[in-house]
There are 2 protein chains.
Amino acid sequence: MTKPPTRIQKRNRAAILTAGLDVFSQFGFRGSTLDQIATAAGLSKPNLLYYFPSKDAIYTALLERLLETWLAPLHQMDEDGDPVAEIVGYARRKLDMSRDYPRESRLFANEIVQGAPHIASHLSGELRVLVEEKAAIIKGWSRAGQIADVDPHHLIFSIWALTQHYADFDVQVRAVLDTDDPFAGAGPFLDHVMRSILRP
Amino acid sequence: MTKPPTRIQKRNRAAILTAGLDVFSQFGFRGSTLDQIATAAGLSKPNLLYYFPSKDAIYTALLERLLETWLAPLHQMDEDGDPVAEIVGYARRKLDMSRDYPRESRLFANEIVQGAPHIASHLSGELRVLVEEKAAIIKGWSRAGQIADVDPHHLIFSIWALTQHYADFDVQVRAVLDTDDPFAGAGPFLDHVMRSILRP
DNA sequence: TCTTTGTTTGACCAACTGGTCAAATCAACG
DNA sequence: CGTTGATTTGACCAGTTGGTCAAACAAAGA
């Protein structure tokens, strides 16, 4: 019964989401204003509210769309692959995401740091289930002696922490490093870390 | 010429800073209101502004006080100690801080994620100098063959990332872990990680 | 062309924001 | 006790906020 979106609807909805990502990832939910987002999207505020019913709606639309993208790299981890290659590969993909989608990472970080008021249910739902599944696989590899006996949950946390840090704390990293590309060094380092940890 | 603070001044200033820590660490600077802080401190808004001239003043007072505490563990790293013990010890102290001062960690995280508008100068000042100093020490240990040849800057980043993650992403960690004390597993894991990385 | 539907806007609103100020109240000291 | 200085407050203000609405404007099919 819902009509297909018109060409203009597609364009404007996309523009709003992009603008929202820009603004929300920089200032957080409460720190962002509809005017900022509207201006960034090239629309007037009432016009923006013609496409999304509220500020909250833009924000949650962004978060839910993001969650899929965010979990994709972990989904790819394959039980039947080579354990070290699978885990190192996951870490690598996650680092690539920090490089290529820093705004998404910061949006997520803002939400979580402030207690995840908008996506708490997703965390203890989809995310938890996915992590549980992959943790079991990793545990299996440990037991089979294919990798060292590390706590799989904390292993996953460590990958999140080590990779997202470069997007979320970008200012700090750059202030300290004075390189124009922190990821040049981060890649090899992350590789060394993961292989060292996993060596049986 | 400045008069010594009265008993009431001491009490109220402290209450305001505590309340500010609570509120700012949860909602960020722009997401927090003076009314929230005043209520949390048990004062009226005008009364709060009698002790601090502005919202900004409370926030920066907090941040600057925090910065010392924050860098203390790294300051302690001793060139003449045992390399592995020194680095593992630093990581340990940093993890303890995430456990004991999660609000401080989140306050800092909020500020950095949003581009560090209030402490950018401190990052490229004090912080950078301190990191440079300690990185040189670590580099020395590497060259002497006492630890593996790892990039000292990224080593320090990894310690920040791995420890602060447990404070900053607390909600997520708990949602996934379902343990009442994530730090119980985090400690041994962190120990394993650091020793593995550093083994020459 | 006309009409219908989709799109855009200016004017507006109530609630909230950081901040001010004069007046009231309190604490302490002689 | 009375006086002085520190403390607290209610009333207030101008600017900003998320959101509404009727009216104006475009698009597109009949």
Side-chain angles (χ1 to χ4, degrees), chain A residues 1-64 107 110-111 114 117-118, chain B residues 1-64 107 110-111 114 117-118:
Chain A
M1 274 294 96
T2 52
K3 292 168 186 170
T6 68
R7 172 177 46 93
I8 296 179
Q9 275 169 11
K10 271 188 196 167
R11 166 172 47 88
N12 283 350
R13 264 188 235 273
I16 290 169
L17 287 177
T18 303
L21 179 59
D22 256 331
V23 176
F24 281 132
S25 68
Q26 220 179 109
F27 303 107
F29 178 70
R30 291 182 57 177
S32 303
T33 73
L34 285 178
D35 266 316
Q36 279 179 293
I37 299 172
T39 303
L43 301 172
S44 67
K45 190 171 59 168
N47 199 9
L48 180 149
L49 286 165
Y50 172 73
Y51 291 100
F52 284 88
S54 68
K55 183 185 177 183
D56 220 279
I58 304 173
Y59 187 71
T60 50
L62 268 174
L63 274 184
E64 294 189 1
L107 179 71
N110 258 307
E111 169 71 9
Q114 303 193 1
H118 295 81
Chain B
M1 275 299 94
T2 51
K3 293 169 187 171
T6 69
R7 171 177 48 93
I8 296 178
Q9 275 168 11
K10 271 187 196 167
R11 167 171 47 89
N12 283 350
R13 264 188 236 273
I16 290 169
L17 288 177
T18 304
L21 180 59
D22 257 331
V23 176
F24 282 133
S25 68
Q26 218 178 111
F27 304 108
F29 179 70
R30 290 183 57 176
S32 304
T33 72
L34 286 179
D35 266 316
Q36 280 180 290
I37 299 171
T39 302
L43 301 172
S44 67
K45 191 172 59 170
N47 198 10
L48 180 147
L49 287 164
Y50 172 73
Y51 291 100
F52 284 88
S54 67
K55 183 184 177 183
D56 221 278
I58 304 174
Y59 187 70
T60 51
L62 267 173
L63 274 184
E64 293 189 1
L107 179 71
N110 258 308
E111 169 71 9
Q114 303 193 3
H118 295 82

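Note that the coordinates shown come from a computational prediction; the quantities given were computed from them, not determined experimentally.
Residues from residues 13-41 of chain A lying near DNA chain D, meaning a heavy-atom separation below 4.0 Å, are A:Ser32, A:Thr33, A:Leu34 in numerical order.
Taking every heavy atom of both residues into account, A:Ser32 and A:Gln36 meet most closely at CA-OE1, 3.4 Å.
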Footprint string (nucleotides 7-13 of chain C, 5' to 3'): B base within contact, S backbone only, - free, heavy atoms under 4.0 Å: BBBBB--
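Helix-axis bend for the helix from C:dT1-D:dA30 to C:dG30-D:dC1: the local axis fitted to the five terminal pairs at one end deviates from that at the other end by 10°, rounded to 10°.
Rounded to an integer number of Å, the gap from CZ of B:Phe52 to P of D:dT7 is 13 Å. The NZ-P distance, from B:Lys55 to C:dC16, rounds to 16 Å in whole Å.
Each salt bridge (charged side-chain N to carboxylate O under 4.0 Å, His left out) pair with one or both residues in residues 7-21 of chain A, not counting sequence neighbours, would appear here, but there are none.
Just one of A:Glu64, A:His118, A:Glu111 meets the side chain to side chain donor-acceptor pair (under 3.5 Å) condition when paired with A:Tyr59; it is A:Glu111.
When the side-chain contact (heavy atoms from CB on, under 4.5 Å) test is applied to B:Ala14, no partner is found at least two apart in sequence or on another chain.
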Name every donor-acceptor pair, under 3.5 Å, that has one atom in a side chain of residues 37-51 of chain B and the other anywhere in the protein, sequence neighbours excluded.
from	atom 1	to	atom 2	distance (Å)
B:Thr39	OG1	B:Asp35	O	2.9
B:Ser44	OG	B:Asn47	N	3.3
B:Tyr51	OH	B:Asn12	ND2	3.0

N/O donor to acceptor pairs below 3.5 angstrom from side-chain atoms of residues 21-29 of chain A, sequence neighbours left out:
from	atom 1	to	atom 2	distance (Å)
A:Asp22	OD1	A:Arg103	NH1	3.3
A:Ser25	OG	A:Leu21	O	2.7
A:Ser25	OG	A:Asp22	O	3.1

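With contacts defined as side-chain heavy-atom distances shorter than 4.5 Å, the pair B:Arg30/A:Thr33 qualifies.
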